[in-house]
There are 2 protein chains.
Amino acid sequence: MSTISDLRVSDVRFPTSRELDGSDAMNPDPDYSAAYAELRTSDGDVGYGLVFTIGRGNDVQCAAIEALAGHVVGRDVDELLAHLGDFSRDLVGDSQLRWLGPEKGVMHMAIGALVNAAWDLRARREGRPLWLLLAELSPEQIVDLVDFRYLTDALTRAEALEILRRAEPGKADRIAQLQARGVPAYTTTPGWLGYSDEKLVRLLREARDEGFAMVKLKVGADVEDDARRMRIARETMGEGYPIAMDANQRWDVADAITWLEQLAPYDPAWIEEPTSPDDVLAHASIRAAVAPLRVATGEQMQNRIIAKQLLQAGSIDVLQLDAARVGGVNENIAILLLAAKFDIPVCPHAGGVGLCELVQHYAFFDTAAVAGPRSDRFIEYVHHLHEHFEAPVVIRDGAYQAPTEAGSSASMHAASIRDHLFPEGAVWKDPAHVVVA
Amino acid sequence: MSTISDLRVSDVRFPTSRELDGSDAMNPDPDYSAAYAELRTSDGDVGYGLVFTIGRGNDVQCAAIEALAGHVVGRDVDELLAHLGDFSRDLVGDSQLRWLGPEKGVMHMAIGALVNAAWDLRARREGRPLWLLLAELSPEQIVDLVDFRYLTDALTRAEALEILRRAEPGKADRIAQLQARGVPAYTTTPGWLGYSDEKLVRLLREARDEGFAMVKLKVGADVEDDARRMRIARETMGEGYPIAMDANQRWDVADAITWLEQLAPYDPAWIEEPTSPDDVLAHASIRAAVAPLRVATGEQMQNRIIAKQLLQAGSIDVLQLDAARVGGVNENIAILLLAAKFDIPVCPHAGGVGLCELVQHYAFFDTAAVAGPRSDRFIEYVHHLHEHFEAPVVIRDGAYQAPTEAGSSASMHAASIRDHLFPEGAVWKDPAHVVVA
């Protein structure tokens with residue numbers, strides 16, 4: 001019998017604040033980091049999961065994952081991996097740990113990393129990329145993975161089954177198409193606030209040349225500055241090219257409406273995170289006021305219960321699922337099903353450390369087995385830190401190519417982990433140190 | 001110059017699961033615990049704050065408080081305590097730590113404990129109980145403490161000032177009345193699910209004999225059992241005596257409505273936490289369906305943004321502010337102001353470890369300086385664990401008596417801390433060990 005022998009957690013941090021990669025109106029100097037979990041088995045297999053953070057507090061996030069060791073170490077691997085719905089429900093339902101959220105923040109993200117590591121382990125042992133493993137499950141197997149608690153006023157198990165069964169015909173064809181063409185990407189690489197106008201223009205041109213069908217600019221620090229950068233972007237990319245905007249929660253309702261009136265002339269594709277991710281009603285008010293400008297949110301949407309309300313209240317046009325914010329694969333399946341029920345596209349949030357690698361699996365699974373093909377589905381893409389991953393994303397002609405390696409793409413190179421361990425790794429001891437993975 | 005010399009954090013746990021004190025439909029076996037913070041100054045003063053948890057994960061909560069040491073250690077005490085609005089905003093706004101919430105869960109509760117410890121330190125140095133210190137601030141000083149970000153669609157600074165100014169006349173009289181008579185309490189002591197019917201009846205009678213004007217029963221595990229216990233309670237207490245019910249988030253919307261139809265004949269005073277604390281819209285649906293039965297929630301309300309929405313959506317009749325769930329004194333002042341704006345009574349949640357001690361200050365401050373006197377304001381009371389506190393609550397004639405000692409009543413006896421340290425304290429090494437404080 002193979003058992004879980006160890007849950008190892010590493011505090012891995014990249015000094016991104018030195019280059020202003022990732023700077024926005026709310027996050028001026030992030031050090032992109034990962035609380036990185038390795039779930040090891042007695043027969044030598046490993047499953048990987050991570051929580052993305054932006055620096056300080058990554059140690060707290062690591063402690064939260066470590067606190068879950070008692071739920072996995074010593075368990076029968078086959079039994080565990082055959083019942084990942086129960087595993088997820090048991091972790092989320094631990095009555096003592098639940099008090100620390102419930103179902104939100106550090107403890108919930110820790111559960112997400114562990115659930116994801118278990119899915120990564122299962123996908124590796126089955127020799128399938130995660131998205132394909134999920135897509136080939138039956139509708140009944142998929143709904144068994146979902147915790148419908150607090151969802152049934154919007155989505156019942158029967159309705160979820162109906163959505164999945166509707167997607168069964170043509171699934172094999174869609175999988176083949178995904179393997180041939182991938183899922184379109186948009187890129188945020190040009191749009192960080194810390195960049196000069198010259199760098200903005202250069203990166204915008206590169207984005208179009210690389211085939212991206214959409215770009216995104218950070219806004220929200222200064223409205224004059226935003227208007228200038230949106231004007232430059234519109235002039236550079238031409239009429240009709242989709243340019244999204246991201247305010248990273250900067251505004252109250254009235255501020256958002258006033259600010260967006262001044263940016264509307266540049267025909268933005270959407271406004272992302274105009275206000276607090278907790279504020280379902282404020283998003284609904286803003287959306288009503290700025291229509292037809294579309295409203296997007298989700299990267300800091302704490303759980304399926306907020307997702308449900310954003311959909312019920314008509315707060316959003318685009319749902320930006322994140323791979324490392326909620327309670328893992330199982331809760332993200334619930335969110336995909338909710339979005340499908342309300343006919344809202346899911347455009348996953350990415351960037352950070354490994355989020356591109358992780359979220360692509362959801363968009364491929366969604367296309368294959370849940371909502372089906374949609375012309376308004378894009379996966380976010382940012383070009384940094386991929387070199388640290390063993391199976392980095394592949395972008396071709398502006399599209400994510402279907403992952404082919406077994407697992408969830410979460411595993412990092414051993415040398416990257418070693419050199420970026422905080423605070424003892426070489427990068428943190430010697431600021432001039434450069435890692436080549 | 002006096003500086004902050006140390007932030008010391010202790011993992012203190014009480015083995016309450018051995019007696020089923022605190023058992024409810026979602027929390028069958030809690031070990032009531034505190035992540036206990038001591039903020040020490042170079043001249044020997046100490047301020048105390050805590051996060052209440054129910055066992056596992058208290059170590060993670062301690063790590064989160066420790067992660068904030070860099071924000072306080074070395075700072076000038078007078079300067080810090082003179083600008084507690086800025087202190088709170090700086091902690092909540094730390095862009096890297098903010099990612100871990102934002103403004104929710106483990107990291108936000110850690111900020112709350114540190115903010116509360118700073119307030120405790122200030123109140124001790126000024127020789128005032130916290131509630132009186134707050135009540136004697138001017139309206140301008142009070143609004144300076146509040147972070148209005150994400151609130152202005154419901155409550156602006158000008159509206160908050162107006163509420164506080166309206167309460168200025170008669171404040172001195174109200175303070176004198178509070179010092180003479182206190183604030184009425186209700187008790188949850190009889191109502192835990194783990195108790196026998198005989199113990200329920202005995203504790204209900206004791207509650208009435210002790211002068212409590214209301215009691216509360218836990219419900220939600222089994223509807224037949226709930227109906228029997230509510231019938232017993234109604235028969236024991238007689239017609240018209242207020243008996244509230246608490247479901248501890250057990251239900252989805254439809255379940256709540258069906259279940260409450262069966263309990264309505266026993267004339268409950270309110271239903272508390274019928275569903276997820278994140279679900280503003282579900283509370284609104286349940287409230288509309290079960291009216292005139294009143295709906296209450298708040299003990300796990302993560303922040304002022306959810307409070308705002310519960311009020312905007314007409315989701316609740318009673319707001320149950322908690323002292324150790326949100327970002328501390330400053331955010332709780334925002335919540336009191338929001339409730340006053342919407343004319344909803346604040347009946348603080350208590351019990352746990354030290355929550356009675358902490359929350360009483362908000363009810364006294366609310367009565368003196370914010371919403372003024374209301375006949376529907378009660379503070380929850382549970383009788384366990386007070387012996388571990390240096391200035392335990394005083395209940396007389398079913399009312400909390402005004403705290404008179406300097407500070408926020410958060411400090412525990414040194415012996416209680418020592419014996420309950422987890423896992424090395426005597427209580428955890430020797431199950432038979434009994435602490436007499």
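Here the structure is a predicted model, which means the values were calculated and not measured. Side chains are part of it too, since the values below use all heavy atoms of this structure and drop only hydrogens, waters and symmetry mates. So that the names make sense, note that chain A is the first sequence line, chain B the second, and so on, each numbered from 1.
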Original post:
chain A: which of B:Asp279, B:Ile306, B:Val106 shares the most heavy-atom pairs with it under 4.5 Å?
Top reply: B:Asp279
**OP:** Would you mind telling me which of A:Ala110, A:Ala282, A:Gly57 has the largest number of heavy-atom pairs within less than 4.5 Å of chain B?
**Re:** A:Gly57
Subject >> Structural part of B:Glu66 lying under 4.5 Å from a heavy atom of chain A >> reply: neither
Original post:
Without hydrogens or angle criteria, can the side chains of A:His71 and A:Asp94 be said to hold a donor-acceptor pair below 3.5 Å?
Top reply: yes
Original post:
Between B:Glu103, B:Arg98, B:His108, which shows the greatest number of heavy-atom pairs under 4.5 Å with chain A?
Top reply: B:Arg98
Subject >> Interface moiety of B:Pro102 toward chain A, non-hydrogen atoms closer than 4.5 Å >> reply: both
**OP:** Would you please test A:Gln300 and A:Glu273 for side chain to side chain donor-acceptor pair (under 3.5 Å) and show each step?
**Re:** CA-CA 9 Å; A:Gln300 294 193 10; A:Glu273 288 204 311; 5.1 Å; no
**OP:** Assess the side chains of A:Glu331 and A:Asn303: does a donor N or O sit below 3.5 Å from an acceptor N or O?
**Re:** no
Subject >> Cation-aromatic face contact A:Arg157/A:Phe148, 6.0 Å, 45 degrees >> reply: no
Subject >> Which portion of A:Arg304 sits near chain B, non-hydrogen atoms under 4.5 angstrom >> reply: neither
Subject >> Among A:Asp59, A:Leu68, A:Val51, A:Leu97, residue most engaged with chain B (heavy-atom pairs, under 4.5 Å) >> reply: A:Leu97
Subject >> Interface moiety of B:Ala313 toward chain A, non-hydrogen atoms closer than 4.5 Å >> reply: both
Subject >> Per-residue contact mode, A:Ile305 against chain B (heavy atom under 4.5 angstrom) >> reply: side chain
Subject >> chain B contact via A:Leu151 - which portion, at a heavy-atom distance below 4.5 Å >> reply: backbone
Subject >> Structural part of A:Ala254 lying under 4.5 Å from a heavy atom of chain B >> reply: neither
**OP:** Look at B:Asp278, B:Val60, B:Asp153, B:Val253 and state which one has the largest set of heavy-atom pairs under 4.5 Å with chain A.
**Re:** B:Asp278
Subject >> Region of B:Phe52 that comes under 4.5 Å of a non-hydrogen atom in chain A >> reply: both
Subject >> Check: A:Thr297/A:Gln320 side-chain N/O donor and acceptor closer than 3.5 Å >> reply: no
Subject >> Donor + acceptor pair across side chains of A:Gln249, A:Thr275 (<3.5 Å) >> reply: no
Original post:
A:Met107, A:Gln312, A:Arg149, A:Lys308: which one forms the most heavy-atom pairs within less than 4.5 Å of chain B?
Top reply: A:Arg149
Original post:
Does NZ or CZ of A:Arg325 lie under 6.0 Å from the centre of the six-membered ring of B:Trp99, at an angle within 45° of the ring axis?
Top reply: yes
Original post:
Side chain, backbone, both or neither: which part of A:Gln309 has an atom under 4.5 Å from a heavy atom of chain B?
Top reply: both
**OP:** Determine yes or no for a side-chain-to-main-chain donor-acceptor pair under 3.5 angstrom, with A:Glu380 supplying the side chain and A:His349 the backbone.
**Re:** no
**OP:** Decide if the gap between the ring center of B:His384 and the ring center of B:Tyr32 is smaller than 6.0 angstrom.
**Re:** yes
Subject >> Closest-packed option against chain B by number of heavy-atom pairs under 4.5 Å, given A:Ala67, A:Ala154, A:Ala64 >> reply: A:Ala64
Original post:
Would you say the side-chain atoms of B:Asp252 pair up with the backbone N or O of A:Tyr150, donor to acceptor, closer than 3.5 Å?
Top reply: yes
